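Worksheet for the structure shown next.
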There are 2 protein chains.
Amino acid sequence: MSAGRAAERRGFTPGERGLEQSFGRATVILNALAASGEAGMRFVDIVRATGLSQTTVHRLVAALAEHGFIEQAATDSRYFLGMQLAGWAFAATNRFGVAEVAHPIMHHLSEVTGDTTYLSLRSGDTAMCVARVEGSYPIHVRIVTPGDRHVLGLGAGSLALLAFIRDEAEIERLLNLPEQRAGRARAGVDEALIRQWLVASRRDGYSIVQDLVPGTSAIGLPIHGPTGDPVAALGLAAISTRLQAPRLDEVLTEMRAAAAQIEARLRPMPKAHLVR
Amino acid sequence: MSAGRAAERRGFTPGERGLEQSFGRATVILNALAASGEAGMRFVDIVRATGLSQTTVHRLVAALAEHGFIEQAATDSRYFLGMQLAGWAFAATNRFGVAEVAHPIMHHLSEVTGDTTYLSLRSGDTAMCVARVEGSYPIHVRIVTPGDRHVLGLGAGSLALLAFIRDEAEIERLLNLPEQRAGRARAGVDEALIRQWLVASRRDGYSIVQDLVPGTSAIGLPIHGPTGDPVAALGLAAISTRLQAPRLDEVLTEMRAAAAQIEARLRPMPKAHLVR
DNA sequence: GCCCGAATTTCCGTTAAAAGGAAATTTCTT
DNA sequence: AAGAAATTTCCTTTTAACGGAAATTCGGGC
């Protein structure tokens, strides 16, 4: 989330420079294109959205397109994010092999419970949702969408990622980040409540967040990586009435089994070095 | 196009320079990291794999990490692809809204047929597999994996993307690309055979490739975008014995329904412009 | 705990190219 | 076809990318 910092000033570039700046600007453009979604953006749209000069955008866009970061529609001249990004992303979300292992297991979990399951990966100080599998129960709870990134601690999966970090100091650091405070404020959750959730999560071995989005609840279980710290979280969301005793326990049993399966297949730490 | 052409006077680096070069090098590094998969790469690994100078890699890696293109593991100092890429990728694969619409439909298709279904998007002169849903039949046919990119025309989905392009000249152009020839050579398919497939695809309204990977067959159906040209392809793969009459017809019926559903939900062309 | 080789980071002068303003050209709209 | 909007090119100054090599830090045997 450090992207948009220096994006708007013209004339003199105050912040970072050089490659730093180029990649920063590229990030701004890519984010703009991502936000534009299915519509894509024309050259001017990019210029306006980023506040960069025409020349700069022109140069950047040419370079980005040349290397497949972005693509131009065949028919009109609108720009879109390039498929190349997708290729990298599949590799990125498969860190520790999680995605590949988790997918079929999540399917099974969604099938037996009927609810929507999620997979989130920790990425620095945030959690990113990398997969969502819908269940058959007619009321779908879609609190997050693949690609969404949010502060650690808000949302069940995200909470599980935070709660089971073993280094207390790291947890404190994360709780005191400005983004954290901002995120909490937005969600209407105060620090005391988060801390309460953390304690409960560690006591119970899972996280549960009830009615943060009114009427819905979600459960999160940590998936521990080779080092012992959580690298991912398995989430399950449903309307609150479906996540109360006695059903809650049945769901938990299934989820624990699923998380354990995923972890078990993760273990072989890839210590291999490479290119010699 | 033709952005960095004026700049190849002597000096030392013969190819492209500047931003062009920076993004090119970034691409090389990202590809290397993608290839390294779960193992990640240390600084030296990147230096060796790319052949770039230490200084250059150092500068690039710092800039890439600063902006979330890559991340460094907390424990040791290995580099991985950044989750930021995943965020962009979900947006990229959802061009025309295909991914979002297609996912549940593919699930249903895999469920009723028991076979593995694929979704490929056209990206310039190539097709990229962006989704795979496994069926329940015990023999899984995994000819491609999400993130795989290949030449148009090889593989059922890819063939469907090629065959239903309406501009004949464009098809000719694609068939004559060097990558095409190379890809055909690798797969042991000659031009006559491809042309034969194209004719058959257009006659039948679907593509079928039998035993290109021995023992397996695959079907591809085009998904037409708002302009009428195919933007995506729905694929289904199974062992060859499962894709013969009379089952073939049943599968085709299901697939046609699925493809039609996807297309129907795509139609509203996003002509909206944006930022004003 | 100390050492040695490997890995990573910093320094440096040279030189290409990134910067943005503005103008020229092309494309779309009316 | 005229006019407006969008896109590309031109131009000069300023800046940081470049890679060789040195300095520092890291890691893992003994």
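Remember, predicted model here, so these are calculated numbers, not experimental data.
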Could you list, one pair per line, each protein nitrogen or oxygen that sits under 3.5 Å from a nitrogen or oxygen of nucleotides 9-12 of chain C, together with the distance?
| from | atom 1 | to | atom 2 | distance (Å) |
| --- | --- | --- | --- | --- |
| C/dT9 | OP2 | B/His58 | NE2 | 3.4 |
| C/dT9 | O5' | B/His58 | NE2 | 3.4 |

From CD1 of B/Ile46 over to C1' of C/dT8, roughly how many Å is that when rounded to an integer? 12 Å
Starting at CZ of B/Arg25 and ending at C1' of D/dG19, how long is that distance when rounded to a whole Å? 10 Å
Going by the rule ring-ring contact (aromatic ring centres under 6.0 Å, His included), which residues pair with B/Phe90 if we only count those two or more places apart in sequence or in a different chain? none
Taking only residues two or more places apart in sequence, or in another chain, which ones meet B/Glu191 in a side chain to side chain donor-acceptor pair (under 3.5 Å)? B/Arg195
Salt bridge A/Arg95-B/Glu71, side-chain N to carboxylate O under 4.0 Å: yes
Whole angstroms only, please: what is the CG-C1' distance between A/Leu52 and C/dG21? 15 Å
Choosing from D/dG19, C/dT8, C/dG20, which nucleotide comes nearest the side chain of B/Thr56? D/dG19
Can you tell me if B/Arg42 touches the phosphate of C/dA7, counting only side-chain N or O atoms and a distance under 4.0 Å to OP1 or OP2? yes
What ring pair (Phe, Tyr, Trp, His ring centres under 6.0 Å) pairs are there with at least one residue in residues 24-46 of chain A, not counting sequence neighbours? A/Phe43-A/His58
Sorted by chain and residue number, the ring-ring contact (aromatic ring centres under 6.0 Å, His included) partners of A/Phe164 (sequence neighbours excluded) come out as none
Taking OP1 and OP2 of D/dT7, is either one under 4.0 Å from a side-chain nitrogen or oxygen of A/Arg78? no
May I have the list of side-chain donor-acceptor pairs in residues 148-155 of chain B shorter than 3.5 Å, sequence neighbours left out?
| from | atom 1 | to | atom 2 | distance (Å) |
| --- | --- | --- | --- | --- |
| B/Asp148 | OD2 | B/Thr145 | N | 2.9 |
| B/Arg149 | NE | B/Thr126 | OG1 | 3.0 |
| B/Arg149 | NH2 | B/Ser123 | OG | 2.8 |

